[in-house]
**Q** 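I'd like to ask you about the structure that follows.
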Amino acid sequence: MNKVKGTYDVLPNESKMWQALEKKIAQLMERYNYKEIRTPMMEYSEVFHRQSEGSDMVTKETYDFLDRSDRKLTLKPEGTAGVIRSFVENKLYVGNDVVKLYYIQPNFRYERPQKGRYRQFMQFGVEAIGIRSPLLDAEVVSIAYNFIKILGLKGAKIKINTLGDKTSRTNYLEALKAYFEPHREVLSYDSKVRLDKNPLRILDSKDENDIKLVKDAPTPLEYLTDDAKNYFDDVLKYLDSANIDYEISPRLVRGLDYYSHVVFEVEADIEGFGAQNVLGGGGRYESLVEELGGPSLGGIGIAFGLERILLALEAEHINLASEDAIDAYFIVFDEAHKKHAFSYAEMLRANDISVEFDFKKTSFKNQLKRALKLNAKYLLILGEDEINQGTITVKNTVTETQESIKQNDLLTYLKEKLGE
Ligand code: HAM
C-alpha cells in the first residue's frame, strides 16, 4: 500500500527537526504573548465557501465531502477561516480589545504536488483579531521577520504591499478591469474568468502571457484613499523604527480574497530553491469576522508553510535538531541481571535521564555496537562482580574513562556528569 498522493510520512529520523521547529515557534509566540488555538481538521463547508470567496484555492482545491448524514464538510485548506469561526462561536472578543492566537496545523489542498507543494501540509500561523491598528500590523510583520531570524535563515525577505480600504479597492478593481479588457483575447482561460469575477487574481497568474501584461498593469498604490495611504505609511514607519527589513512590492496581491490594507509575503531567496519559494504569506482582513457571523472586527495574520521552512533550512545547511543521543545504555552479561537494569532504568527515567538497553539476548559486543549507534553518552555495565559488590561500572563513551560507582550513588553521579 502506498501513501495518498501529495502526502508524506515524517519518519523517526526526521521528527526531531519538526519537534525542534515547533519548539522554536512556541518560544517565539511566548515573547509576543500569542496563545495557541487548536481547531478541528474539518469544518462545515460554508466556513470556506462563502459568497464573497472567489479564490482559486477555495473554488478548485478544497477537499469537500458529505458525511454519513449528508452534511457538507470541508477539510480545512487554510487556518484563518476556521480560527475566526471559533473566535466568533466562542465569543473570544468579549472583554478583549485584541485576541492574539497562533496555530500549527495540517491543511489540505488538492493541488498538483511538487517539491514544496503537497496535498496535506503544515502551517504555522498567527491571527491578531480585534483592534485596527498599524502597530498591530507591524507586530505581525515583526513576528514573520523574527521567525526567519531565530531559525538562522539568511536568504529570506519580506515583501509588503497594501490593497487599501474598500474605496481604494473598488477604484483599483475598476482600473484593473479597464486595463485588461482590451487584452481579453490574449489572456489565459483562467484569467478571462478572473477578469469578470475578480481581476485582482490576474496579478497572481503563472501564465507567461498574463505575466507580460501584468508588468504594466496599474498598482493598488496609485488608487489609495488618503486614509489608506496614511495607514500604510504608519505601518512602514513602525517597521523602520525597529529596523525591520522589507521591500515594497507594488503588485503583490496574495491568493486569498479576504484581504484589504496590508498584504505581505516572506520569500526564500536561496539559489536553486525551486518554484515554491513563498515561505509564508498574510495580511489584514476586515470583513471575515462579520461574514462568519461575528461583530464588525478586523484582524491581521500570516501563515508559513513548514515543509518549505524545512527545505529552506536544509538548503542553508542549518540543523535545528541537535544530534540524536541518549544519556545512558545498560550493558548486562547475564539475562538474569536485566531486572536490575530495568529497575535502575525506571529510577533514572523518572529523573529525566534517557536510558536504553537491549531487549534480546545478545553478546557484549552487540550491545556495545547498538549503544554506540544510538550515541549513548554513558555505558552502565552490570556484570557478576558489580552485582555482588553493589556497584555499577560507568563508562564515558567519548573519553573512554570508566569508574566504579556505588549503585546508590548512580543517579547523583550521572546527573552531575550530564550537567557538565
Ligand atoms: P496562503 O498564502 O494560502 O495563506 O498559505 C500560506 C503559506 O502556506 C504559503 O506561503 C506556503 O508557504 C504554504 N502553503 C500553501 N499551500 C501549500 C501547499 N500546497 N504545500 C505546501 N505549502 C503550502 C493562507 O493560508 C492564509 N490563511 C494566511 C493568513 C493568515 N492570512 C491571514 N492570516
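Computed from a predicted model, the values in this text were never measured in an experiment.
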**Q** Go through Val278 and Arg308 one step at a time and tell me if the side-chain contact (heavy atoms from CB on, under 4.5 Å) criterion holds.
**A** CA-CA 8 Å; Val278 184; Arg308 292 185 194 178; 4.2 Å; yes

**Q** What heavy-atom pair brings Gln276 and Lys115 nearest, and what distance separates the two atoms?
**A**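 Taking every non-hydrogen atom into account, CG-O, 3.3 Å.
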
**Q** Assess Arg119 against Tyr110: is NZ or CZ under 6.0 Å from the centre of the six-membered ring, and within 45 degrees of the ring's axis?
**A**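 The answer is yes, since Arg119 meets both limits relative to Tyr110.
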
**Q** Let me see the working for Glu265 and Arg254 under salt bridge (Lys or Arg N to Asp or Glu O under 4.0 Å), right down to the final yes or no.
**A** CA-CA 8 Å; Glu265 285 186 345; Arg254 306 268 307 119; 3.1 Å; yes

**Q** Verify the distance criterion only: is there a donor paired with an acceptor across the side chains of Thr80 and Glu127 at less than 3.5 Å?
**A**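 Yes, side-chain donor-acceptor contact under 3.5 Å.
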
**Q** Is there a salt bridge (Lys or Arg N to Asp or Glu O under 4.0 Å) between Lys237 and Asp233 once you walk through the steps?
**A** CA-CA 6 Å; Lys237 268 184 216 154; Asp233 285 345; over 6 Å; no

**Q** Going through the checks in order, is the side chain to side chain donor-acceptor pair (under 3.5 Å) test met by Ser142 and Tyr32?
**A** CA-CA 10 Å; Ser142 150; Tyr32 285 83; 2.6 Å; yes

**Q** Quick check: closest heavy atoms across Glu14 and Asp9, and the distance to 0.1 Å?
**A** OE1-O, 3.5 Å

**Q** Might you point out which heavy atoms bring Val355 and Ala345 nearest each other, and give the distance in Å?
**A** CG1-CB, 3.8 Å

**Q** For Val262 and Val140, what are the C-alpha separation, side-chain angles and deciding distance, and is it a side-chain contact (heavy atoms from CB on, under 4.5 Å)?
**A** CA-CA 11 Å; Val262 177; Val140 174; over 6 Å; no

**Q** Let me see the working for Asp64 and His49 under side chain to side chain donor-acceptor pair (under 3.5 Å), right down to the final yes or no.
**A** CA-CA 10 Å; Asp64 300 321; His49 296 285; 3.1 Å; yes

**Q** Specify the closest pair of heavy atoms between Arg85 and Pro40, including all atoms of both residues, with the distance to one decimal.
**A**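 So the two residues come closest at NH2-CD, 3.5 Å.
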
**Q** Show your working on side-chain contact (heavy atoms from CB on, under 4.5 Å) between Leu203 and Leu176 and close with a plain yes or no.
**A** CA-CA 10 Å; Leu203 301 192; Leu176 265 188; 4.2 Å; yes

**Q** Does the gap between the ring centers of Phe124 and Tyr103 come in under 6.0 Å?
**A**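 Between Tyr103 and Phe124, which both carry aromatic rings, the centre distance is not below 6.0 Å.
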
**Q** Considering only heavy atoms from C-beta outward, does the side chain of Ile392 approach that of Ile381 to under 4.5 Å?
**A** no

**Q** Taking the six-membered ring for Trp, are the ring centroids of Phe232 and His261 within less than 6.0 Å of each other?
**A**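 When the ring centroids of Phe232 and His261 are compared, they turn out to be at least 6.0 Å apart.
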
**Q** Within 45 degrees of the ring normal and closer than 6.0 Å to the centroid, is that where the cationic atom of Arg349 sits relative to Phe357?
**A**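 Yes; both conditions hold, so Arg349 lies above the ring face of Phe357.
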
**Q** Given Tyr258, which of Glu78, Glu286, Arg50 fulfils the side chain to side chain donor-acceptor pair (under 3.5 Å) condition?
**A** Glu78

**Q** Verify the ring-centre separation between Phe264 and Tyr246: is it less than 6.0 angstrom?
**A**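 No, too far apart.
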
**Q** Under a 4.5 Å cut-off applied to non-hydrogen side-chain atoms, are Tyr34 and Leu101 in contact?
**A**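 No - every pair of side-chain heavy atoms lies 4.5 Å or more apart.
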
**Q** Thr39 versus Lys76: any side-chain heavy-atom pair under 4.5 Å?
**A** yes

**Q** When you look at Glu139 and Lys100, which way does the salt bridge (Lys or Arg N to Asp or Glu O under 4.0 Å) test go after all the steps?
**A** CA-CA 11 Å; Glu139 178 173 275; Lys100 306 204 294 185; 2.8 Å; yes

**Q** Would you say OH of Tyr189 has more than 12 non-hydrogen atoms from neighbouring residues, nucleotides or ligands within 6.0 angstrom?
**A** no

**Q** Between Asp165 and Arg169, does at least one N-O distance fall below 4.0 Å, as a salt bridge requires?
**A** no

**Q** If you look at every heavy atom in Arg284 and Gly298, which pair is closest and at what distance?
**A** NH1-C, 4.1 Å

**Q** Here's a test for you: under side chain to side chain contact (heavy atoms under 4.5 Å, CB included), which of Ile202, Val193, Asp210, Ile211 qualifies with Ser188?
**A**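 Single pass found, and it is Asp210.
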
**Q** Is the closest basic N to carboxylate O distance between Glu174 and Lys177 below 4.0 Å?
**A** no

**Q** Is the distance between the ring centroids of Tyr329 and Tyr378 under 6.0 Å?
**A** no

**Q** Can Asp245 and Lys157 be said to form a salt bridge (Lys or Arg N to Asp or Glu O under 4.0 Å), step by step?
**A** CA-CA 8 Å; Asp245 297 328; Lys157 57 179 177 226; over 6 Å; no

**Q** Can you confirm whether Glu30 is buried at CD, in the sense that more than 12 heavy atoms of other residues, nucleotides or ligands lie under 6.0 Å from that atom?
**A**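 No, the 6.0 Å shell around CD holds no more than 12 heavy atoms from other groups.
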
**Q** Is there a side-chain contact (heavy atoms from CB on, under 4.5 Å) between Lys417 and Glu403 once you walk through the steps?
**A** CA-CA 12 Å; Lys417 290 286 177 190; Glu403 282 183 78; 4.3 Å; yes

**Q** What pair of heavy atoms forms the shortest contact from Arg184 to Asp196, and how long is it?
**A** NH2-OD1, 2.9 Å

**Q** Begin with the C-alpha distance, continue with both residues' side-chain angles, and end with the deciding distance and a verdict on side chain to side chain donor-acceptor pair (under 3.5 Å) for Ser249 and Asn161.
**A** CA-CA 6 Å; Ser249 181; Asn161 194 20; over 6 Å; no

**Q** Between Leu151 and Ile309, is any pair of side-chain heavy atoms under 4.5 Å apart?
**A**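 Yes - at least one pair of side-chain heavy atoms lies under 4.5 Å apart.
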
